[in-house]
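Accompanying notes for the structure given below.
Atom set for the values below is all heavy atoms of this structure, side chains included, hydrogens, waters and symmetry mates excluded.
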Amino acid sequence: MNKNISHLVASIVSIPVALIAGMLSMIAFDIHLIFDMMIAAGAFFSSYLPVQTKSMRSQLEKMGITKSEYQHVKKQLSEAREKMKRLRQSYKNVRTLKDAKLIYDINRLSRTIYQAVENDPKLFFSIQQFFHSNLDSAVNTIEQYLFLYKMPGKTKDEKIKLHETRISLFELKRTIQSNLSAMNATGYQNLEVEKDIIKLNRKRKTTTLKLDNQMDIQTSEKICK
C-alpha cells in the first residue's frame with residue numbers, strides 16, 4: 001500500500017509549518033514555552049490532516065479505486081498477513097522433503113500475490129477468490145494435514161486419506177497458480193499493446209526513411225539536370 005507516502009508528504013509539509021509557528025509564537029508573544037509548543041502542535045495537525053487527506057485522495061485516483069474499496073483491500077490484506085504467518089509456521093511440523101517443497105511452493109505463490117496486491121490494491125478485484133477462499137483452504141488443510149501426519153499408529157484408511165489430502169493440496173497449488181495468472185492477465189495484455197505500438201512505430205519509421213530516400217534521389221536528379 002502507498003499509505004506511508006501520504007504520511008511522508010504530510011509530515012514534510014507539516015513539520016516546517018509547526019517549527020515556524022512555534023518560533024513566531026516565541027518571538028511575537030511573551031508567553032510560557034508550553035503554550036508555544038501547543039501552538040506548534042496545533043499548526044502541525046492543522047496542516048498535516050488536510051495535506052495527508054489530499055495526498056491520499058490523489059493516490060487513490062491514480063490507483064483507480066475509492067476510499068471504501070481501499071479500506072476493504074487493506075482489511076483483506078491484514079487478514080491474509082495473519083494467515084500467511086500461520087502458513088510459514090507450519091514448516092516446523094513438516095516431516096518429509098516432498099511436503100516441505102509443496103508447502104514452500106504454496107507459500108511462495110501466496111506471498112507473490114500478497115505483495116503484488118499490497119503494491120497495487122486494484123489488483124485485488126481480479127483475484128478475490130484467493131483472499132476469500134483459496135488462502136483459507138491452504139492454511140487450514142496444511143495445518144490439519146501436518147498435525148495428522150505426525151500422529152503414530154495410523155491405519156491403512158488413515159494413510160489413504162492423508163495421501164488424498166496431499167493430492168488435494170497439489171490441486172490447490174495449481175488453483176493458486178491460476179489466481180496468479182488471472183492477476184497478471186491485464187499486465188500481459190498491456191505488454192501486447194506496447195509491442196504492437198513498437199511494431200507500428202518501427203513501420204512508420206521505415207516508411208519515413210523510404211520517403212526521405214526517394215526525396216533525396218529526386219532532389220539529386222533535379223540538381224544533375
* Walk me through it: do Ile113 and Phe131 pass the test side-chain contact (heavy atoms from CB on, under 4.5 Å)? => CA-CA 10 Å; Ile113 293 172; Phe131 289 93; 4.2 Å; yes
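- Environment of NZ in Lys75: sparse, with no more than 12 heavy atoms of neighbouring residues, nucleotides or ligands closer than 6.0 Å.
- With sequence neighbours excluded, no residue satisfies ring pair (Phe, Tyr, Trp, His ring centres under 6.0 Å) with Tyr114.
- Scored by the side-chain contact (heavy atoms from CB on, under 4.5 Å) test, Gln144 finds Leu148 as partners (sequence neighbours excluded).
- In this pair, Phe124 and His132 present their aromatic rings perpendicular. The plane angle is above 60°, beyond the 30 to 60° band.
- Rounding to the nearest 0.5 Å places OG of Ser137 at 10.5 Å from CD1 of Ile106.
- We find the OG1-CD1 distance between Thr165 and Ile142 to be 11.5 Å, quoted to the nearest 0.5 Å.
- With sequence neighbours excluded, no residue forms a ring pair (Phe, Tyr, Trp, His ring centres under 6.0 Å) with Phe130.
- Identified under the salt bridge (charged side-chain N to carboxylate O under 4.0 Å, His left out) test for residues 154-169, with sequence neighbours left out: Asp99-Arg166.
- Environment of CZ in Phe125: crowded, with over 12 heavy atoms of neighbouring residues, nucleotides or ligands closer than 6.0 Å.
- With hydrogens and angles disregarded, no donor-acceptor distance shorter than 3.5 Å links the side chain of Thr141 to the backbone of Ala138.
- Pairs engaging residues 122-135 under the salt bridge (charged side-chain N to carboxylate O under 4.0 Å, His left out) rule: none recorded [sequence neighbours left out].
- At most 12 heavy atoms of other shown residues, nucleotides or ligands fall within 6.0 angstrom of atom CG in Leu97.
- Although no hydrogens or angles enter the test, the distance criterion places no donor-acceptor pair under 3.5 Å between the side chain of Asn107 and the main chain of Ile103.
- Residues Tyr104 and Tyr145 share a single hydrophobic cluster, defined by chaining ILVMFWY side chains whose heavy atoms lie under 4.5 Å apart.
- Checked by atom type and distance alone, the side chain of Ser133 never pairs as donor or acceptor with a backbone atom of Gln129 at under 3.5 Å.
- Side-chain atoms of Glu69 come within 3.5 Å of backbone atoms of Thr66 as a donor-acceptor pair (strictly under, hydrogens ignored).
- Heavy atoms of other residues, nucleotides or ligands lying less than 6.0 angstrom from OH of Tyr91 number more than 12.
- A continuous path of Ile, Leu, Val, Met, Phe, Trp and Tyr side chains, each step under 4.5 Å between heavy atoms, connects Tyr149 with Phe147, placing both in one hydrophobic cluster.
- Taken to the nearest 0.5 Å, the CG atom of Leu172 stands 14.0 Å off from the CD1 atom of Ile167.
- Under the salt bridge (charged side-chain N to carboxylate O under 4.0 Å, His left out) criterion, the residue pairs touching residues 80-91 are Lys83-Asp136, Arg86-Glu143, with sequence neighbours excluded.
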